[in-house]
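Here the structure comes first, spelled out in structure tokens, and everything after it is commentary.
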Amino acid sequence: MKEKKLFKDALQAIPNSLGRYLAIILLIALGTLAFVGLRMTGPDMRMSASEFFNQYHLADVTITSNYGLNHADQNTIDKQANIKQVSWGYYQDAEIEDRSDTIRIFSNSKKISSYELISGRMPANDHELALSYLMNKNYHLGQKVTLKRKGILKNKTYRIVGFVKSSEYLDKNQIAQTNLGTGKLTGIGVTTSNAFNSKSYQIARIIFKDTANLSPFSTKYRNQVYHNQKHLLTSLNKNRASKYQSAKKQVQDQAKQQFLSKLARHSTSITPNQIKIPTFKIKLPYPSYTISSREDSIGYSSYRADAERVEVLAAVFPTFLFAVAALVSLTTMMRFVEEERANIGLLKALGYSNMAVRLKFLIYSTSAAIIGVALGASVGYTFLPNMITKAYTVNSTLASNLHLYFLWSPVLVSLLVALLATSVISIITLDATLHEKPTRLMLPKTPKYGSRILLERATFIWKHLSFSAKVTARNIFRYKSRMLMTIMGIAGCTGLLVMGLGIRDSLQGISDIQYSQIMKNDIIALTNQQITQKQKINLRKTLHDSKIRNYQAAHYAQLTKHLDKSGATENVILIAAGDATKFKDVINLRNRQTKEQLSLKDNSIVISEKLAKILNAKVGSIINLNEGNKSYSFKVGGISEMYIGHYIFMNRHEFTKTMGSKYTTNAYLITMKKRSEVNQISRKLMKQADVQTIISNSSNSKLLTGFTGSLNQVILILVLISSLLAVVVIYNLTNINIAERIRELSTVKVLGFYDEEATMYIYRETIILSLIGILFGFGFGWWLHHFIITNLPPDMAMFNPAMYPMNFIVSALIPAVITLVMSIAVYHQIKRINMLDALKSVE
């Protein structure tokens, strides 16, 4: 019977202090929501992608060669002990007639890197074709498409029988480069192997044995694939000499046959052995192999980086959010125990044990913690990850393959923190109270002795203060715990706002800075190594087109740097200027902080800022980069502002000295008069026989805008959560302030204070403490922003670390406005105080 009454009393405590109870639930729910939501987003993205990759057996690496893959290459690959499975295939890039679309048509790979069928069916014969589902708005099932040139394909006309999703091409916009059309692929297509007419394969897809049980997003997986790549490339490179000799002999035989046919028309009798073709007249590129891992796919690497970026936020943002929520919950529970002193004394006087008394507070605090965690987790496992993943995968083909998963660890951590901040703290506070005698507990708690504050010792200042100002100063230091809680609570909320808005500022406009102020060129046209004089003349005619503002010749090469720490292999673009004095017209090399122009000097190079960071390089440092199996050392002479990509820049003399080869130009950096005409010039350039491919800055700009835009949406969500936390914190602390001083407020009202004066009598302290909290929040937020902005971007990009004044103004205004709105609520609350009842209370 006694236990039933005690349980009933415990339940009645909830409606009797419903505002406090709901505040605790909201604080815990907000902390749990952010913690669970951000913690689950990364695993949701990775597990969804891993499931998709496993279902369609995505290759660990693909192998291509400029000579194709012959029998010798097949034997080399088949003999590799660490290869689990290999699939051979064909592909051909082709333009579609009467369209501006360029597609890459693959032979259907059923074993490795297969396709998800979205609609229709897969091709069954060499006249059928399945297109990427991204092209289904412009094409339909049953439609016939004709190719301009068929290449190694047997047919030019195909009927569309299906739409598919590739497991290899995951980015909706950045598919791949090609040497047709504008230099960019519009999509991919799939047909049967019989549709191709080629003696050698064009592509090999490989799955390794030692990657079977590794997460495809782990550092260990990336390092393992990198070492397998190096070993495989070394083995394949042994075939290069024989392939070159075979190709050279084939060209000689063709030249002899052409010469014999010509002589036959003139009735001249001669045998093939009598014909000698000079070797120097045979210009063939040397055989090379390209082994591409998953990381070389823009869509794959961007997706992995997105999952990692959100985990940087998950490691920091919820921690501080939870800390603020737990701190205020702790204060609230301590105040609740203080308010229940008389009831605790009564229960002890009636014979209830200490354990029985504890039960009341355990029911109250534990139920609030469990409900708060349940509410936060229900949204944290569903709404928040779903919203963030949609924002991140807006440009990914994996968007429709995302699933929500459940892991116990985030919710259990949230529950543990919630119980520590409520139940454990209330029991610790309660135990100190339970040591007192019941008669003592049933009397009001003896007030603390008054003492002079530090400000009173500054007589000159103190005597000029008004009565209200003196009371406010004394009360602030009288309630030290509440003072600290208010300052820390407001500082935490303000700091999170400064961080969130600061990240938004760091993302804003960097695409425009990168591709308007720094990379002034719009496209880079890469040419063949062997270019004839006639081809040069034709190319220069195109480069003098009226649509082109200016251009500069340069040497372009791609180097690599493997980072063991992250397992990533970073691509580094080398650009050696033909004319270093005019180079700033196409690429403006400058220091980010001072805006000082950087020049290309002898005996040193200029590197991009993010490359310097990941290599821990400074001016004067020596960095090592690889080109194939060769390693080169460079001395850093300057570090240039750059927000996406890794670059090294040098003059032609430094190139010759460092690379050990004669300087030649193989690229043109072109700046357009109007960026809207980039595609027209790209098509014109691609028709030149010597132009291999076009690299467009507009594509990189879209990539940069894409992941900054998606991150902006995530930051907006975090700013809203921070603002909501500020509302709950200020409301809760204000309520505690009023509850603690109800008799004091009644006294000043009896003495003749108007409601407005009584409100300011107590709320002036909240305003002062809020201002102090905001100032502390500025410092905390600045540090938090610096930490996140340094660790948030992927290895190939960086964000602007600058902080702008408007960020601090907005971050201060949000808690300031909330504090102001709360003053209206406090005014109405004080207005409703029954002075006589309050003065009769034991407070």
Side-chain angles (χ1 to χ4, degrees), residues 309 312 316 495 498-521 561 570 572-575 577 580-581 583-601 603-623 634-651 654 697 700-701 704-705 707-708 711-712 715 778-811:
R309 277 202 295 272
V312 173
V316 179
V498 169
M499 177 210 73
L501 294 172
I503 293 172
R504 186 206 61 181
D505 290 342
S506 296
L507 301 175
Q508 205 166 22
I510 60 173
S511 179
D512 183 61
I513 296 171
Q514 174 79 8
Y515 295 109
S516 293
Q517 300 178 26
I518 301 171
M519 306 284 284
K520 296 179 181 180
N521 64 301
K561 181 66 178 182
E570 299 296 330
V572 182
I573 303 303
L574 180 155
I575 297 179
T581 58
F583 192 65
K584 65 180 179 181
D585 294 338
V586 286
I587 299 180
N588 181 24
L589 302 178
R590 68 185 188 188
N591 181 280
R592 178 179 54 80
Q593 294 169 317
T594 64
K595 304 303 178 187
E596 177 192 354
Q597 297 293 316
L598 304 175
S599 57
L600 300 177
K601 301 175 182 178
N603 303 317
S604 67
I605 64 169
V606 173
I607 70 174
S608 53
E609 189 171 347
K610 189 57 186 281
L611 180 62
K613 284 186 177 180
I614 64 173
L615 298 181
N616 197 26
K618 299 176 182 177
V619 174
S621 298
I622 302 296
I623 63 171
F634 305 91
K635 183 180 179 181
V636 178
I639 297 173
S640 176
E641 180 179 11
M642 198 73 66
Y643 294 101
I644 187 167
H646 302 308
Y647 292 88
I648 63 171
F649 304 95
M650 63 187 72
N651 63 30
E654 182 63 17
N697 279 348
N700 292 330
S701 179
L704 188 58
T705 304
F707 71 67
T708 56
L711 199 54
N712 262 325
I715 295 305
F778 286 165
F780 166 62
W782 181 87
W783 173 83
L784 199 56
H785 169 265
H786 178 74
F787 174 81
I788 289 181
I789 214 67
T790 303
N791 295 282
L792 186 63
D795 286 338
M796 50 85 71
M798 68 170 282
F799 301 149
N800 185 2
M803 295 281 277
Y804 300 102
M806 186 54 68
N807 172 9
F808 294 99
I809 293 171
V810 175
S811 299

Q) Stepwise, does the side-chain contact (heavy atoms from CB on, under 4.5 Å) test hold for Met650 with Leu574? A) CA-CA 8 Å; Met650 63 187 72; Leu574 180 155; 3.7 Å; yes
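- Within 6.0 Å of the NZ atom in Lys635, the count of heavy atoms belonging to other residues, nucleotides or ligands does not exceed 12.
- When side chains are defined from C-beta on, Tyr647 does not count as touching Leu589, because their heavy atoms never get closer than 4.5 Å.
- At distances below 3.5 Å, at least one donor-acceptor pair connects side-chain atoms of Ser506 with backbone N or O atoms of Asn800.
- A salt bridge is absent between Glu570 and Lys561; no separation between the charged side-chain nitrogens and carboxylate oxygens falls under 4.0 Å.
- Other residues, nucleotides and ligands contribute more than 12 heavy atoms inside 6.0 Å of the NZ atom of Lys595.
- The CD atom of Gln597 lies 6.5 Å from the NZ atom of Lys584; values are rounded to the nearest 0.5 Å.
- Proximity of Met519 to Ile587: side-chain heavy atoms (C-beta onward) are separated by under 4.5 Å at one or more points.
- In terms of heavy-atom proximity, Ala617 sits nearest to Ile607 at CB-CD1, 4.3 Å.
- Counting all heavy atoms, side chain and backbone alike, Gly645 lies closest to Ser608 at O-OG, 3.8 Å.
- We find the CD1-CZ distance between Ile639 and Arg592 to be 10.5 Å, quoted to the nearest 0.5 Å.
- Note that CD1 of Ile575 and CZ of Phe649 are 5.0 Å apart. Values are rounded to the nearest 0.5 Å.
- For the atom pair CD1 of Ile648 and CZ of Phe634, the computed distance is 4.0 Å after rounding to the nearest 0.5 Å.
- Between His785 and Ile503, some side-chain heavy-atom pair lies under the 4.5 Å cut-off.
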Q. Given the rule in the side-chain contact (heavy atoms from CB on, under 4.5 Å) test, do Ile644 and Tyr515 qualify, once you have shown the distances and angles that lead to the verdict?
A. CA-CA 10 Å; Ile644 187 167; Tyr515 295 109; 3.1 Å; yes
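- Looking at Asn807, its side chain never comes within 3.5 Å of a backbone N or O of Leu501 through a donor-acceptor pair.
- Salt-bridge annotation for Glu654 and Lys601: absent, with no side-chain N of the basic residue lying under 4.0 Å from a carboxylate O of the acidic one.
- In this structure, Gly638 and Leu598 approach most closely via the heavy-atom pair C-CD1, 4.4 Å.
- Atom CG of Asn651 and atom CD1 of Ile605 lie 11.0 Å apart (nearest 0.5 Å).
- Side-chain contact check for Met803 versus Phe808: some heavy-atom pair is nearer than 4.5 Å.
- In this structure, Tyr643 OH and Lys610 NZ are separated by 12.5 Å, a value rounded to the nearest 0.5 Å.
- Among Met642, Gln593, Met798, the one residue that satisfies the side-chain contact (heavy atoms from CB on, under 4.5 Å) test with Glu609 is Met798.
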